[in-house]
Amino acid sequence: MVLRKSYLDKIIPFIDQDLIKVLVGIRRCGKTVLLGQIKDVLLRRNIPAQNIIQANFESMRFRNTRTAETLYDYIAKKAEGCTGKIYILLDEIQEVERWQIAINSLRVDFDCDIYLTGSNSKLLSGELATYLSGRYIQIQVFPFSLAEAKQQCIENGTYTSDEKLFADYLKYGGFPQRFFLPDDHSITTYLDDLYEAIIVRDIMLRHNIREQTALRNVLAFLLDNIGNPFSARNISGRMVSEGIKTTTATVLNYVDYFKEAFILLNASRYDIKGKALLSSTEKYYAVDLGLRNVIKKSEKPDSNKLYENIVYLEMRSRGYEVQVGKLDDTEIDFICYRGDEKLYIQVAYLITPADEEREFGNLERLHDNYPKYVISGDLMNLSRNGIIHQNIIDFLLNP
Ligand SMILES: Nc1ncnc2c1ncn2[C@@H]1O[C@H](COP(=O)(O)OP(=O)(O)OP(=O)(O)O)[C@@H](O)[C@H]1O
């Protein structure tokens, strides 16, 4: 089992602080296992096991605990007889109606520290979220990074080389469970089933969508076009010309649903000279390349885009906020922010002499002292003028 150290490092400083810890992320990315790892940290601190109260609302065991009142009563009963602080760990909290009210009451009535997981990005928005506003920290969890995938493969005895690991990760992505499946066919079936579960349970049922052709086509289109500028109008026009009924407004709604279920992640574009966000021209990336590869339709080779997507994901899992930079009529692939840190990244599959000027030249036009990287599949080091050139595998495996 991979210890999700980078996430634990973010959570541990908040243990015993009066802030609810909320882990969000796509289904099956490992939130429950991470919650178990938090529990282990608590146990190592000699917290009595009976003071740790856990529930997973996806389980039938809790089918009668799906409202604010029943949740509150369940925890209150478990807390009877505990001395000292109680630790409440609740999985898939979105399954409980008006859970925000119960959580807020528990916070007020008990000496407690609360950890929640959910696979919906709107978990903490909407009217009921005001009960908790300012009282939580949210940590987004992603499928395994390449470094975590390597750890798992070493543990499983399947690791042979970084190059093979990377090729496999480009194809099948980082959902933890897939590293335990025996062959390509089982991995593809697993990812297909996961896709169906997200489309049907997290999107169609939640948003009461009956007609799924347009929904599936919009997602496939966006995943075929990761990292390209997005236009809902173009997509709806295209669908209509293919005989699929939809409208621009519907496409925009669907994109929101994909973001809500964490299949798609977005990067806003930032005008570096004008110092303004260009929020109407976002780009989209897939949360996992394995999932993307089973959904996409196009067979076009797209290594450039896959590399861009992987670097985007890596930076997001390292906790950076990521934007796409616009510099006059050229583009800086990513501007990444984390606290006071800022860095710029250009990504390329392979840098031909013709590309070199563009990849490095764009960064050379930025006259500030923040670190600047060009990341590509090349083995030769082309670093110049303070711009660091790094091989993509080295970059991903050496955080
Ligand atoms: N850190 C890890 N090391 C090894 N395997 C893991 C790890 N995290 C998750 N897994 C594997 O992936 C599977 C899915 O993980 P988990 O149930 O934690 O995901 P989840 O995000 O809670 O899913 P859901 O949202 O569907 O409840 C687990 O059953 C386990 O097999």
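Numbering of residues begins at 1 and proceeds along the displayed sequence. Order of listing sets the numbers, starting from 1, for every ligand and every atom in it. Values reported hereafter were calculated over all heavy atoms of this structure, with side chains retained and with hydrogens, waters and symmetry mates removed. All figures in this text were calculated on a predicted structure; none of them were measured in a lab.
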ask   = Against heavy atoms of Glu58, which atoms of ligand 1 measure under 4.0 Å?
value =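 So the answer, numbered in order with elements, is 27 (O).
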
With atoms numbered from 1 as shown, which atoms in ligand 1 lie under 4.0 angstrom from a non-hydrogen atom of Arg4?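 By the 4.0 Å cutoff, the relevant atoms are 1 (N).
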
Less than 3.5 Å between some nitrogen or oxygen of [X] and one of ligand 1, yes or no?
| X | result |
| --- | --- |
| Val2 | yes |
| Leu34 | no |
| Cys29 | yes |

task: Answer side chain, backbone, both or neither: which part of Gln152 comes under 4.0 Å from ligand 1, heavy atoms only.
output: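 Looking at Gln152 and ligand 1, just side chain atoms fall under 4.0 Å.
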
Practice item. Select one of side chain, backbone, both or neither to describe which atoms of Phe144 lie under 4.0 Å from any atom of ligand 1, heavy atoms only. Key: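 Within the 4.0 Å criterion, Phe144 contacts ligand 1 through side-chain atoms alone.
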
Out of Arg28, Lys5, Arg27, who gets a non-hydrogen atom closest to atom 14 (C) of ligand 1?
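Selected option, by shortest heavy-atom distance: Arg28.
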
Tell me which one of Leu35, Val33, Val141 gets a heavy atom nearest to atom 9 (C) of ligand 1.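 Selected option, by shortest heavy-atom distance: Val33.
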
Notebook entry, point to check: Any Lys/Arg nitrogen of Glu356 or Arg384 sitting under 4.0 Å from an Asp/Glu carboxylate oxygen of the other?
Noted result: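 Here Glu356 pairs with Arg384 in a salt bridge, since their nearest N and O are under 4.0 Å apart.
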
When you compare the side chain of Thr70 with that of Asp73, does any pair of heavy atoms fall below 4.5 Å?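 The answer is no; the side chains never approach within 4.5 Å.
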
* Aromatic rings Tyr307 and Phe166: how do their planes relate, parallel, tilted or perpendicular, breaks at 30° and 60°? ->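 Tyr307 vs Phe166 ring planes: perpendicular.
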
- request: May I ask you to check if Arg338 and Tyr320 form a cation-pi contact, with NZ or CZ under 6.0 angstrom from the six-membered ring centre and within 45° of the axis?
  value: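 Yes, Arg338 sits over the ring of Tyr320.
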
Compute both the distance and the angle, then confirm whether Arg316 meets the cation-pi test with Tyr337: under 6.0 Å from the six-membered ring centre, within 45 degrees of the axis.
->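 No, a cation-pi geometry is absent between Arg316 and Tyr337.
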
**Q.** Partner of Asp113 by salt bridge (charged side-chain N to carboxylate O under 4.0 Å, His left out), out of Lys39, Lys21, Arg107, Lys85
**A.**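 Result for salt bridge (charged side-chain N to carboxylate O under 4.0 Å, His left out) with Asp113: Lys21.
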
Nearest-neighbour protein heavy atom for atom 19 (O) of ligand 1, which is reported as residue plus atom name and distance: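 Among all protein heavy atoms, the one nearest atom 19 (O) of ligand 1 is Gly30 N, 3.1 Å.
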
**Prompt:** So, does Phe180 sit close enough to ligand 1 that a heavy atom of it is under 4.0 Å from the ligand?
**Reply:**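 Per 4.0 Å heavy-atom rule, Phe180 contacts ligand 1.
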
Q.
Would you say Asn104 and Gln100 are linked by a side-chain donor-acceptor pair, where the criterion is simply a distance under 3.5 Å?
A.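 The answer is no; no qualifying pair exists.
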
